[in-house]
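Down below is the structure, laid out as structure tokens.
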Amino acid sequence: MIIAAGIAFALIVVTLIIVMLLRRQLREKYAILWLLIGITILILSIFPSLLIGLSAFLGVAVPSNLIFALSIVLLVGVTLHLSWELSQAEDEIRRVAEEVAILRTSIERLEARDDTGSRSTPADRIPTRTDADDEH
């Protein structure tokens, strides 16, 4: 009974991952990891003797303890990776927000000059990121 439940769970996980991937709800770099996990669960469900042999090889007395230990390691790894991705995204968001603020200021100054009818001088010009890149 437990083997059938494990096989059903693994098939549901693999199917869910494939559906999410096809709907573009899961990026490919994450899908590979989750597909490997789902296939591993499926293999260990079909052949529980593999888990028993791996436990004996690694010196773990109870095979379920090996599953728990591997699960904890996997969860820590996924958490660390997602924290890194979040940090990268926050840096990018901050950079884009700063760039938007500079561009808004430039637009406001140009609109103010157009309203007054004055001509701009080079000293009034706000340097943009592309101007700084051109100088180097």
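Note that the coordinates shown come from a computational prediction; the quantities given were computed from them, not determined experimentally. Along the sequence shown, the residues carry numbers beginning at 1.
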Query - Hydrophobic cluster identity match, Trp84 and Val73, side-chain contacts under 4.5 Å - result: no
Requested in this report: Measure the spacing between CG of Leu75 and CG of Leu70 and express it to the nearest 0.5 Å.
Outcome: 11.0 Å
Query raised in the report: Rounded to the nearest 0.5 Å, how far apart are CG of Leu74 and OG1 of Thr79?
Result: 9.0 Å
Query raised in the report: Looking at OG1 of Thr105 and CG of Leu110, how far apart are the two atoms once the value is rounded to the nearest 0.5 Å?
Result: 11.0 Å
Query raised in the report: Would you call Leu35 and Val13 a side-chain contact if the rule is heavy atoms closer than 4.5 Å?
Result: no
Query raised in the report: Are Ile18 and Leu33 co-members of a hydrophobic cluster defined by side-chain heavy atoms under 4.5 Å apart?
Result: yes
Which pairs of donor and acceptor atoms, one on a side chain in residues 37-57, lie under 3.5 Å apart (sequence neighbours left out)?
unit_1, atom_1, unit_2, atom_2, d
Thr40, OG1, Leu36, O, 2.7
Ser45, OG, Gly6, O, 3.3
Ser45, OG, Ile41, O, 2.7
Ser55, OG, Leu51, O, 2.9

Query raised in the report: Mind checking whether Ile12 and Ile67 sit in one hydrophobic cluster, side chains of I, L, V, M, F, W, Y counted as touching below 4.5 Å?
Result: no
Report task. Take Glu92 and Arg95 through the test salt bridge (Lys or Arg N to Asp or Glu O under 4.0 Å) and record every step on the way to the result. Result -> CA-CA 5 Å; Glu92 181 70 13; Arg95 187 191 63 75; 2.7 Å; yes
Query raised in the report: When you check the gap from the basic side-chain N to the acidic O, do Arg94 and Glu90 get nearer than 4.0 Å?
Result: no
Query raised in the report: What is the minimum heavy-atom distance between Thr15 and Leu11, and which atoms define it?
Result: OG1-O, 2.7 Å
Requested in this report: Just jot down the side chain to side chain contact (heavy atoms under 4.5 Å, CB included) partners of Leu82, sequence neighbours excluded, or say none.
Outcome: Tyr30, Val78
Report task. Check side chain to side chain contact (heavy atoms under 4.5 Å, CB included) between Arg23 and all other residues, then give those that pass, not counting sequence neighbours. Result -> Val19, Gln25
Query - Nearest-0.5 Å distance that lies between atom CD1 in Ile32 and atom CG in Leu26 - result: 10.0 Å
Query raised in the report: Atom CD in Glu85, atom NZ in Lys29: separation rounded to 0.5 Å?
Result: 3.5 Å
Query raised in the report: Rounded to the nearest 0.5 Å, what separation is found between the CG atom of Leu22 and the CD1 atom of Ile17?
Result: 12.0 Å
**Report entry** Pair Arg104 + Glu99: basic N to acidic O under 4.0 Å
**Finding:** no
Query raised in the report: Counting heavy atoms not belonging to Leu86, are there more than 12 under 6.0 Å from its CG?
Result: yes
